[in-house]
Amino acid sequence: MRRRRLRRRRPRDEAELFGAAHAFAGWSLAELARALGVEVPPDVRRAKGFAGRLLERALRAERGSRAGPDFVFPAGGVELKTLPVDARGRPLESTFVCSASLAEIAPWPESKVRAKLARVLWIPIERGVELAESRVGSPLLWSPSAAEEQALAADYEAHAELIALGYTASISGHRGRFLQLRPKSKLGAARRPDPEGGLVLGPRRAFYLRASFTARIIARHYIVPPAGEP
DNA sequence: ATCTGATCATAC
DNA sequence: GTATGATCAGAT
């Protein structure tokens, strides 16, 4: 295993953040964890989010688990998203964006979804057989193109309309070409206020980007430096 | 092989 | 409980 060193300073702008992220391209999660002085969890099923938190620490994200973008620069916030990919660079999972309230849904221009996705640093993680063997790919600093934003907005508004009409029963992960609205808790697990002041029983929902969408974002992007195999 | 509902961990 | 970080695993 190669020796790996971390840089010390917190990035002060996008360029520094991108440079810092790029410096990790090719590292395994084991190497990154060792450099940070943390253990790689043995049980993958109990380690969801490990790669994301590891990269947050490695890149000195300010906000950690608090609300708002991971990095706040004078020029604007940047959201950090790790994206699990296979050896060919295809995303293996959908991407969580943010939770959604069925009691209240903002129009697209003021939506949390739009704010979250305005500026994203994507870091592909090429999944290894073992979690520790997974490798950090090269980063991509992204904002939605006009076409991408239009597509996301269309999906979002369709979800928002169902919510506004109270058709919560017909909300499912099947809807949305690129942006899904799916449960993030067990059915019937939560009780929350509805617009009339009563209580609505139902799962917590959240917006997710389909893998087909993130695949297009990182398509033809250089994913992970060669591992030295033929 | 892909997708949707369910699930896990941590911070506040 | 809500937010952050996501991935698991059974259904299709």
Side-chain angles (χ1 to χ4, degrees), chain A residues 21 29 32-33 36 38-72 77-104 106 111-113 115-117 120-134 136-137 155 159 162 168-193 199-216 218:
Chain A
L29 294 189
L32 194 53
L36 289 166
V38 305
E39 298 274 326
V40 178
D43 185 358
V44 189
R45 290 167 302 178
R46 297 288 171 94
K48 301 177 185 181
F50 175 74
R53 291 186 183 287
L54 203 61
L55 268 299
E56 274 186 349
R57 289 186 57 168
L59 294 169
R60 304 284 195 269
E62 303 180 46
R63 307 194 59 88
S65 64
R66 285 173 291 173
D70 295 297
F71 298 91
V72 181
V78 177
E79 186 70 25
L80 172 64
K81 287 286 181 199
T82 55
L83 181 65
V85 299
D86 65 17
R88 296 173 50 218
R90 304 296 305 269
L92 293 167
E93 292 288 348
S94 52
T95 299
F96 170 73
V97 180
C98 60
S99 60
S101 166
L102 297 191
E104 196 172 21
S111 66
K112 285 197 296 179
V113 176
K116 280 271 181 186
L117 298 180
V120 179
L121 181 67
W122 296 100
I123 301 185
I125 305 291
E126 186 187 299
R127 198 123 95 187
V129 177
E130 298 290 327
L131 180 61
E133 296 165 357
S134 298
V136 180
D155 281 346
H159 294 308
L162 284 183
T168 55
S170 48
I171 294 172
S172 84
H174 296 90
R175 293 179 187 274
R177 180 128 161 66
F178 301 115
L179 184 70
Q180 290 177 295
L181 183 54
R182 359 192 272 262
K184 197 179 160 68
S185 74
K186 197 184 306 191
L187 284 160
R191 279 166 288 272
R192 295 180 309 286
L199 283 176
V200 61
L201 195 63
R204 187 93 203 139
R205 317 286 176 134
F207 287 105
Y208 292 81
L209 295 175
R210 291 187 183 275
S212 59
F213 184 80
T214 50
R216 295 171 72 131
I218 63 166

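Heavy-atom basis, side chains included; hydrogens, waters and symmetry copies ignored. The chains referred to below are lettered A, B, ... by the order of the sequence lines, with proteins before strands, and numbering in each begins at 1.
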Checklist line | Criterion side chain to side chain contact (heavy atoms under 4.5 Å, CB included) against Thr82(A), the qualifying member of Val136(A), Thr95(A), Leu55(A) | finding: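 Per the side chain to side chain contact (heavy atoms under 4.5 Å, CB included) rule, the option paired with Thr82(A) is Leu55(A), out of Val136(A), Thr95(A), Leu55(A).
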Residues that [X] engages under side chain to side chain contact (heavy atoms under 4.5 Å, CB included), provided they are two or more places apart:
| X | result |
| --- | --- |
| Ala115(A) | none |
| Glu79(A) | Pro69(A), Asp70(A), Lys81(A), Lys116(A), Val120(A) |
| Ala87(A) | none |

- Does Arg45(A) have any side chain to side chain donor-acceptor pair (under 3.5 Å) partners at least two apart in sequence or in another chain, and if so, which?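 In terms of side chain to side chain donor-acceptor pair (under 3.5 Å), with neighbours along the sequence ignored, Arg45(A) is linked to Asp43(A).
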Could you check how far [atom1] of [X] sits from [atom2] of [N], rounded to whole Å?
| X | N | atom1 | atom2 | answer |
| --- | --- | --- | --- | --- |
| Lys116(A) | dA3(C) | NZ | P | 10 Å |
| Leu59(A) | dG5(C) | CG | P | 13 Å |
| Asp43(A) | dT7(B) | CG | P | 16 Å |
| Leu54(A) | dA9(B) | CG | C1' | 14 Å |
| Leu92(A) | dA1(B) | CG | P | 12 Å |
| Asp86(A) | dC3(B) | CG | P | 13 Å |
| Asp70(A) | dA3(C) | CG | C1' | 12 Å |
| Arg57(A) | dG5(C) | CZ | C1' | 14 Å |

Check: Does Arg182(A) make a cation-pi contact with Tyr208(A), if we ask for NZ or CZ under 6.0 Å from the ring centre and within 45° of the axis?
Finding: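 Relative to the ring axis of Tyr208(A), which defines the angle, Arg182(A) lies inside both limits.
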In residues 170-180 of chain A, which residues come under 4.0 Å of DNA chain B by heavy atom?
->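 Correct list: Ser172(A), Gly173(A), His174(A), Gln180(A).
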Whether each nucleotide of nucleotides 6-12 of chain C has a protein heavy atom under 4.0 Å at its base (B), only at its sugar-phosphate (S) or at neither (-) is summarised, 5' to 3', as BBBS---
Report yes if some heavy atom in the side chain of [X] is under 4.5 Å from a heavy atom in the side chain of [Y]; otherwise report no.
| X | Y | result |
| --- | --- | --- |
| Leu83(A) | Leu92(A) | no |
| Glu126(A) | Ser134(A) | no |
| Leu102(A) | Ile171(A) | yes |

With a cut-off of less than 4.0 Å, is there a side-chain N or O of Arg204(A) near OP1 or OP2 of dG5(B)?
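Indeed not, no polar side-chain atom of Arg204(A) lies that close.
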